[in-house]
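Working notes for the structure below.
Reminder, nothing fancy here: chain letters follow the sequence lines and each chain counts from 1.
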Number of protein chains: 2
Amino acid sequence: MKKHNFSAGPCILPQSVLKKASDAVLNFNNLDLSLIEISHRSKDFVDVMENARALSLEHLGLQNKGYKALFLQGGASLEFLMVAYNLLEKKAAYLNTGTWSDKAIKEAKLMGEIDVVASSKEQNFNFIPKNYKIPADADYFHCTSNNTIFGTQMHKFPETAVPFICDMSSDIFSRQLDFSKFDLIYAGAQKNMGPAGTTLVIIKEEILGKVSRTIPSMLDYKVHLSKDSMFNTPAVFPIYVSMLTLQWLKDLGGVSEIEKVNNVKAALLYNEIDRNDLFKGFVTNAEDRSKMNATFTLTAENRKEAFDLMCKDAGINGLNGHRSVGGYRASMYNALPLESVQVLVDVMKELERKG
Amino acid sequence: MKKHNFSAGPCILPQSVLKKASDAVLNFNNLDLSLIEISHRSKDFVDVMENARALSLEHLGLQNKGYKALFLQGGASLEFLMVAYNLLEKKAAYLNTGTWSDKAIKEAKLMGEIDVVASSKEQNFNFIPKNYKIPADADYFHCTSNNTIFGTQMHKFPETAVPFICDMSSDIFSRQLDFSKFDLIYAGAQKNMGPAGTTLVIIKEEILGKVSRTIPSMLDYKVHLSKDSMFNTPAVFPIYVSMLTLQWLKDLGGVSEIEKVNNVKAALLYNEIDRNDLFKGFVTNAEDRSKMNATFTLTAENRKEAFDLMCKDAGINGLNGHRSVGGYRASMYNALPLESVQVLVDVMKELERKG
């Protein structure tokens, strides 16, 4: 049965990528060996790593601008710590827009003073704060571009004179931005890039080397950069699948092309949420709505059983909201076809029609 | 062409495991979804994680003895740091038997005083030191059970009153030991367990919580234990393949059965190295030889071209020695069939016959 996979992450990946990944587990590059049983130092895998790093920079327009890409382990959660370990000498500025910002702040506090410049925590993160001031003496400013759990997204970014760090785990490669505004971007792979188990980190090298503490090797970006992201054995399979997905995106026309599709998908679903009286969006300011994760609830709780059953019958998967928000969450990452959103919208209309 | 894969890691995995892993990338548990596109919180994946954790303890005979298993990211290299972060208050004792011990010592020094109780570093690690004393006031004792690069292995372990930590990355699940001697065992998956990208950590819980420093969340074993190894998104695919490999080992009869095969493979190859005048083992004390990684060189360098070509023609892969040792290294992990060792030995004999 054809499934429509709205999972928040790990999430849907392109079918053509899954097919190539499955084949490579049996026989990679016609070596008569599996991808996962060859040396990570072999030319075949070094090529994978270098392609993945190059494609990441290319998609963001950051080639030849002083940036380098790394594929590390530990997820965005380890980056919360690494960012502070590598960059926080005295004080850093953080914008608190959701669970992941909150966790990033908690880890960074171990390394110095944290100035939370604005927060929507008291309103359960249902909007993106604006008009805050970033102190000029901060070592850096950190924000989360898309809040998977709450369904908000930053559509404008502040101007700042200090290094700009952004956790783009759930919307990287989904839209065009001037990525050269940012000095360090990180993203867990398991949304728009690949399977769980690797994290992309893109760093403007000039911001490193300015803290006085000794950094443990595995937490030190300079160590990983000096070894071309091969300081220790990398997560071979997740990186390979990420490379395939980045290549798929390139073949499709890149970020500018997928952004058009993402805009159409998001408009289709949000229009239905707004039109259909049985549904209500979670985010208070429509301008803060995420194009990756739409959060919504039923206005009449007694329709839940019927709606859930209809979704199931339609092959819809992964629509449950996160426990801190409740209701539903439709994640519409790059690999989700427009057709799947149409199926969901049709079910919403059908629920209304049934009265 | 059938390959005989002697790679040091990532390394050979059972063919039946590769087949199941390949299938799961397309359709996992008949969900009509890929293993790598479902939520890590779904019952289907939680079952994988719990099975992998349970099988790990079962293979080592450590169920119901106060131990728990974790599947973390970052490889053994991150464990070098985490062990010290979690357990080192003042002083720890380390045995230095190779490159990985050496790196573990380097990271631990950031957290306290390190007493290197013995080292074979000055002899390029070609033997395992014995008859050292472990100070009774050390917070713990750390050693590496098998040295992949140099081809040495600890066949006896010291008695010690302090917590006993062991990096078993390259020989875990290969032989029977009284594993309850150890208080913390860690192992990167990519030898006897699975693909690169996950690390097994087995901890006797009672040794935790005794250091005074604040431990960052991602480095804190107690945090990972409190979340059943799901504090953050785990490396889904590497853990799934590890679970399959642990199940394969169980179906085969477990560690005691694979140990018999490993003993036969090692004896076959070392007998030929010792018998054939064209070859010479790297390890000085035969009693310290590794049953996982046999390191050897040609006695006449002018035979290299012929030997390499014959190996290639026989489908032998991954036999190059590490640059710090040179020569050859035949890694004979659990999944390597006896047949592959026989093919290598036949090539060695054939080289001799050709004169």
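Classification of the B:Tyr94-B:His142 ring pair by plane angle, with boundaries at 30° and 60°, yields parallel.
Within the 4.5 angstrom heavy-atom criterion, only side-chain atoms of B:Thr214, from C-beta onward, approach chain A. For B:Leu78, the parts sitting under 4.5 Å from any heavy atom of chain A are the backbone and the side chain alike. Within the 4.5 angstrom heavy-atom criterion, only side-chain atoms of B:Lys103, from C-beta onward, approach chain A. Proximity to chain B is absent for every atom of A:Lys2, based on heavy atoms less than 4.5 angstrom apart. With a 4.5 angstrom heavy-atom cutoff, B:Leu33 touches chain A only via side-chain atoms. Looking at B:Phe80, neither its backbone nor its side chain comes within 4.5 Å of chain A, counting heavy atoms on both sides. Both the backbone and the side chain of A:Ile12 have a heavy atom closer than 4.5 Å to some heavy atom of chain B. Heavy atoms of B:Ser7 lying under 4.5 Å from chain A belong exclusively to its side chain. Proximity to chain A involves both the backbone and the side chain of B:Leu18, based on heavy atoms less than 4.5 angstrom apart. Only the backbone of B:Leu31 comes within less than 4.5 Å of a heavy atom in chain A; its side chain stays farther off. With a 4.5 angstrom heavy-atom cutoff, A:Leu110 touches chain B only via side-chain atoms.
Within residues 222-233 of chain B, the residues having any heavy atom less than 4.5 Å from a heavy atom of chain A are, in residue-number order, B:Phe231, B:Asn232, B:Thr233.
Contact count against chain B (heavy-atom pairs under 4.5 Å) is highest for A:Gly197 among A:Pro238, A:Gly197, A:Pro195. Counting heavy-atom pairs under 4.5 Å between each of A:Leu219, A:Val25, A:Leu81, A:Leu13 and chain B puts A:Val25 at the top. Counting heavy-atom pairs closer than 4.5 Å to chain B, the top-ranked of the candidates A:Ala21, A:Gly188, A:Cys11 is A:Cys11. Ranked by heavy-atom pairs shorter than 4.5 Å toward chain B, the options A:Ile36, A:Asn317, A:Leu35 are led by A:Ile36. Listed options B:Ala8, B:Gly75, B:Pro216 were ranked by heavy-atom pairs under 4.5 angstrom with chain A; first place goes to B:Pro216. Between chain A and the residues B:Ser217, B:Gly315, B:Ala335, the most heavy-atom pairs under 4.5 angstrom are made by B:Ser217. Among A:Val236, A:Leu26, A:Val241, the residue with the largest count of heavy-atom pairs under 4.5 Å with chain B is A:Leu26. For the options A:Ala24, A:Ser39, A:Gly74, A:Ala196, heavy-atom pairs under 4.5 Å to chain B are most numerous at A:Gly74.
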With ring-ring contact (aromatic ring centres under 6.0 Å, His included) as the test, would you mind laying out the steps for B:Phe28 and B:Phe45 before giving the verdict? CA-CA 10 Å; B:Phe28 176 54; B:Phe45 183 72; 8.0 Å; no
Run the numbers on A:Asp23 and A:Lys19 for side-chain contact (heavy atoms from CB on, under 4.5 Å), then give the verdict. CA-CA 6 Å; A:Asp23 290 347; A:Lys19 178 69 176 66; 2.9 Å; yes
Verdict with reasoning, A:Thr199 to A:Gln73, per side-chain contact (heavy atoms from CB on, under 4.5 Å): CA-CA 6 Å; A:Thr199 315; A:Gln73 293 187 54; over 6 Å; no
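If you take CE on B:Met111 and CG on B:Leu88, they are separated by 8.0 Å, rounding to the nearest 0.5 Å. Between atom OH of residue B:Tyr328 and atom CD1 of residue B:Ile316 there is a gap of 10.5 Å, rounded to the nearest 0.5 Å. Residue A:Ser101 holds its OG atom at 15.0 Å from NZ of A:Lys106, rounded to the nearest 0.5 Å.
A salt bridge is defined here as a Lys NZ or Arg NE, NH1 or NH2 lying under 4.0 Å from an Asp or Glu carboxylate O, and B:Lys312 with B:Asp308 fails to meet this definition.
Side-chain contact check for B:Asp44 and B:Ser42: no donor-acceptor pair (N or O, by modelled atom type) lies under 3.5 Å. Side-chain atoms of B:Asn146 and B:Asn293 form a donor-acceptor pair, as typed in the model, at a separation below 3.5 Å. Under 3.5 Å, the side chains of B:Tyr221 and B:Glu79 contain a donor-acceptor pair of N or O atoms. Checked by atom type, the side-chain pair B:Asp220/B:Tyr85 shows no donor-acceptor distance below 3.5 Å.
By the neighbour-count criterion of 12 heavy atoms within 6.0 Å, atom NZ of B:Lys3 is densely surrounded, having more than that number from other residues, nucleotides or ligands. The number of heavy-atom neighbours closer than 6.0 Å to CD of B:Glu50, taken from other residues, nucleotides and ligands shown, is above 12.
B:Leu200 is listed as a side-chain neighbour of B:Met193, based on a closest heavy-atom distance under 4.5 Å.
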